[in-house]
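Input: a single structure, listed below in structure tokens.
Lettering of chains follows the sequences in order, A, B, ..., and the numbering in each one begins at 1.
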Number of protein chains: 2
Amino acid sequence: MLARYNHSTRILLALDCIVFGFDGEELKLLLIKRDFEPERGKWSLMGGFLNEDEDLEVAANRILYDLTGLKDIYFEEIKTFGEINRDPVERTVSVCFFALINIHAHSQDAAKSQNAFWISLKNRPELIFDHSNMVNLALERLRYRAALHPIGFELLPEKFTIPQLQKLYEAIYDTPLDRRNFSRKILSTKLLIDTGEKNENSATKKAILYKLDQEKYQRQFNAFHYFVSDFKV
Amino acid sequence: MLARYNHSTRILLALDCIVFGFDGEELKLLLIKRDFEPERGKWSLMGGFLNEDEDLEVAANRILYDLTGLKDIYFEEIKTFGEINRDPVERTVSVCFFALINIHAHSQDAAKSQNAFWISLKNRPELIFDHSNMVNLALERLRYRAALHPIGFELLPEKFTIPQLQKLYEAIYDTPLDRRNFSRKILSTKLLIDTGEKNENSATKKAILYKLDQEKYQRQFNAFHYFVSDFKV
DNA sequence: CCAAAAGTGTTCGTACTACACCCATGG
DNA sequence: CCATGGGTGTAGTACGAACACTTTTGG
């Protein structure tokens, strides 16, 4: 490629990623405590720059891998942030996306090497640049998508119980849900397979451990499911 | 801003726009017959490059204004396309969005100056680069969004009838809908105001002309409406 | 007065809501 | 044996789907 367009403006392109996790009680964000400039010591999202010889999607996977040690993470692009002064160092356009991971599966070492910590979404600190806006938008989008599509499972371990799933949805929407109706709604999707095992950690009645019917999950993913019907966007 | 990031790769950033219109019968795309290189003589989307001193959103509005002569057009970002070789001339990352306009309100002069034509969505030609992929994704997103939110109105004139709206939805989803149920569903949203006028163009019974309740439209926009319930994404 | 399009009604079934009851477990 | 949490059942309701009838209009 020797030819070039006759347009002078070439811009630094960044990617920023909101990583959601769920610890069984509340939603968490994987945030970076910056030990580098600019804004050393403050909190930020995990990000990086797009390389010359790199697909955008490959770059997103690279950044997620560096942060979590995981491959094949579920993620969705949210929006590209392109205000002139959003980055005080230099004009930077940032492609922003959110990722959902099983909080127990990620590599502690990878996170530690990035100086990353799980922070409660509700008590999150102010973030640098426009990163707080990105998180707000990501949460909005997560709520939107999780109301219609079975993406919540991405935040849980391979085997999980319906009460665990319900706690996740209650955390996402910050609202209590009816046990019986929730259970019926989830089971009616036929996306769950009874593993025959029970959750041995419980102190009372042990709940059934289910796993996702992966094939049906892939096939039905884009069908509307209405998991949270009284949810107003 | 004298400092710069220590990262060498700065990339040409483009914007590409899928403009949808509705002529009362079918969905149309506003496409460019290229009289410039590369790919002179072939069809493409309307696009442009992001300028140094320009917000991304401002650039999108600029491109839409150049093409249609309209301001305050409804548009949504779809995805940012960043494959290495998507543009044969030079590595270019493109922020892609779709816009909805009233096909009769746009400026013929503006379109003509861009060598733009309304092309039937169904019979659209092959487009350059990855523009056909962009159109496919835009249609998918339009269907997704229009099933849940009242964006369809953006394609109609200020005053319109319910049968017109139905034809629009039938065009979007390429499927017939029941008159009676559709009418009830639309009216139940309370988003329409009876103007008291009738559609004088009709050869038979004249339909009531409605207009959008703009205030309620803004307020309820993000609430789910389920306009097309049997729609599978 | 007739064909075509527009407005309104009715019935049926499904699915959601708001409830109550029973079972399993560990202390 | 009891407190806690998990699984299942049921009645009422609301909404969507599938249907028919009446009204308006121009030719």
Side-chain angles (χ1 to χ4, degrees), chain A residues 24-25 146-148 150 156-157 159-171 173 175-211 220 223-232, chain B residues 24-25 146-148 150 156-157 159-171 173 175-211 220 223-232:
Chain A
E25 291 299 327
L148 299 169
L156 296 176
K159 295 175 184 175
F160 54 88
T161 69
I162 290 185
Q164 282 170 4
L165 186 63
Q166 183 179 339
K167 281 202 169 174
L168 167 60
Y169 272 82
E170 291 178 331
Y173 296 100
T175 185
L177 299 170
D178 183 273
R179 274 183 330 114
R180 300 152 283 194
N181 295 332
F182 182 81
S183 172
R184 198 185 355 260
K185 190 176 286 193
I186 294 297
L187 290 173
S188 74
T189 66
K190 310 272 190 189
L191 285 171
L192 301 195
I193 299 173
D194 187 337
T195 63
E197 303 170 58
K198 304 243 174 160
N199 178 18
E200 295 298 333
N201 296 330
S202 170
T204 64
K205 183 169 181 179
K206 298 176 192 331
I208 299 169
L209 281 164
Y210 291 93
K211 63 177 179 181
Q220 293 192 7
F224 291 164
H225 279 295
Y226 307 119
F227 291 106
V228 187
S229 56
D230 62 344
F231 165 59
K232 294 285 176 289
Chain B
E25 290 300 327
L148 299 170
L156 295 177
K159 296 175 184 177
F160 55 87
T161 69
I162 290 184
Q164 282 170 3
L165 186 63
Q166 182 179 342
K167 280 202 169 171
L168 168 59
Y169 271 82
E170 290 177 333
Y173 296 100
T175 185
L177 299 170
D178 184 272
R179 272 183 332 112
R180 301 153 284 196
N181 294 333
F182 182 81
S183 172
R184 201 187 352 264
K185 192 177 285 195
I186 294 297
L187 290 174
S188 74
T189 65
K190 311 273 188 186
L191 284 170
L192 301 194
I193 299 173
D194 187 336
T195 63
E197 301 170 58
K198 305 243 173 159
N199 178 16
E200 294 298 332
N201 297 330
S202 171
T204 64
K205 183 169 180 177
K206 297 175 190 337
I208 298 170
L209 281 164
Y210 292 91
K211 62 178 180 181
Q220 294 192 6
F224 291 164
H225 279 293
Y226 309 121
F227 291 107
V228 188
S229 56
D230 63 344
F231 164 59
K232 294 284 176 291

message: Per the ring-ring contact (aromatic ring centres under 6.0 Å, His included) rule, what does the pair list look like for residues 190-210 of chain B, sequence neighbours excluded?
response: none
query: At under 4.0 Å between heavy atoms, what does B/Ile162 touch on the DNA or RNA strands: base, sugar-phosphate, or nothing?
result: nothing
message: I'd like to check the ring-ring contact (aromatic ring centres under 6.0 Å, His included) partners of A/Phe160; sequence neighbours left out, ordered by chain and number.
response: A/Phe153
query: Can you name the residues that form a ring-ring contact (aromatic ring centres under 6.0 Å, His included) with A/Phe182, not counting sequence neighbours?
result: A/Tyr169
- request: Look at the side-chain N and O atoms of A/Lys206 and state whether any lies under 4.0 Å from the OP1 or OP2 oxygen of D/dG7.
  value: no
message: Measuring to OP1 and OP2 of D/dT25, would you say a side-chain N or O of B/Lys198 lies under 4.0 angstrom away?
response: no
As an exercise, state the distance from [atom1] of [X] to [atom2] of [Y], rounded to the nearest 0.5 Å.
X: A/Leu191; Y: A/Gln220; atom1: CG; atom2: CD; result: 5.0 Å
X: A/Thr161; Y: A/Lys198; atom1: OG1; atom2: NZ; result: 11.5 Å
X: B/Leu168; Y: B/Leu156; atom1: CG; atom2: CG; result: 5.0 Å

- line: Sorted by chain and number, sequence neighbours left out, side chain to side chain contact (heavy atoms under 4.5 Å, CB included) with A/Lys159 holds for A/Thr195, A/Glu197, A/Leu209
Rounded to the nearest angstrom, tell me the gap between atom [atom1] in [X] and atom [atom2] in [N].
X: A/Arg179; N: C/dC19; atom1: CZ; atom2: C1'; value: 12 Å
X: B/Phe182; N: D/dC15; atom1: CZ; atom2: C1'; value: 17 Å
X: A/Ile186; N: D/dG7; atom1: CD1; atom2: C1'; value: 15 Å
X: B/Phe224; N: D/dC15; atom1: CZ; atom2: P; value: 17 Å
X: B/Leu187; N: C/dA6; atom1: CG; atom2: P; value: 14 Å
X: B/Lys185; N: C/dT8; atom1: NZ; atom2: C1'; value: 18 Å
X: B/Glu200; N: D/dT24; atom1: CD; atom2: P; value: 15 Å
X: B/Gln164; N: C/dA5; atom1: CD; atom2: C1'; value: 13 Å

- request: Determine, stepwise, if the pair B/Tyr226 / A/Tyr226 fulfils side chain to side chain contact (heavy atoms under 4.5 Å, CB included).
  value: CA-CA 11 Å; B/Tyr226 309 121; A/Tyr226 307 119; 2.7 Å; yes
Could you go over nucleotides 9-11 of chain D and give all protein N or O partners under 3.5 Å, atom names and distances?
residue, atom, partner, partner atom, Å
D/dT10, O4, A/Arg184, NH1, 3.4
D/dT10, O4, A/Arg184, NH2, 3.4

message: Applying side chain to side chain contact (heavy atoms under 4.5 Å, CB included) to B/Val228 and B/Thr175, what does each step give before you reach the verdict?
response: CA-CA 10 Å; B/Val228 188; B/Thr175 185; 5.6 Å; no
Between the protein and nucleotides 1-5 of chain D, are there any N/O to N/O pairs under 3.5 Å, and if so, what are the atom names and distances?
residue, atom, partner, partner atom, Å
D/dG5, O4', A/Thr204, OG1, 3.0

query: B/Tyr210 or A/His225: which one's nearest nucleotide on DNA chain C is closer to the 5' end?
result: B/Tyr210
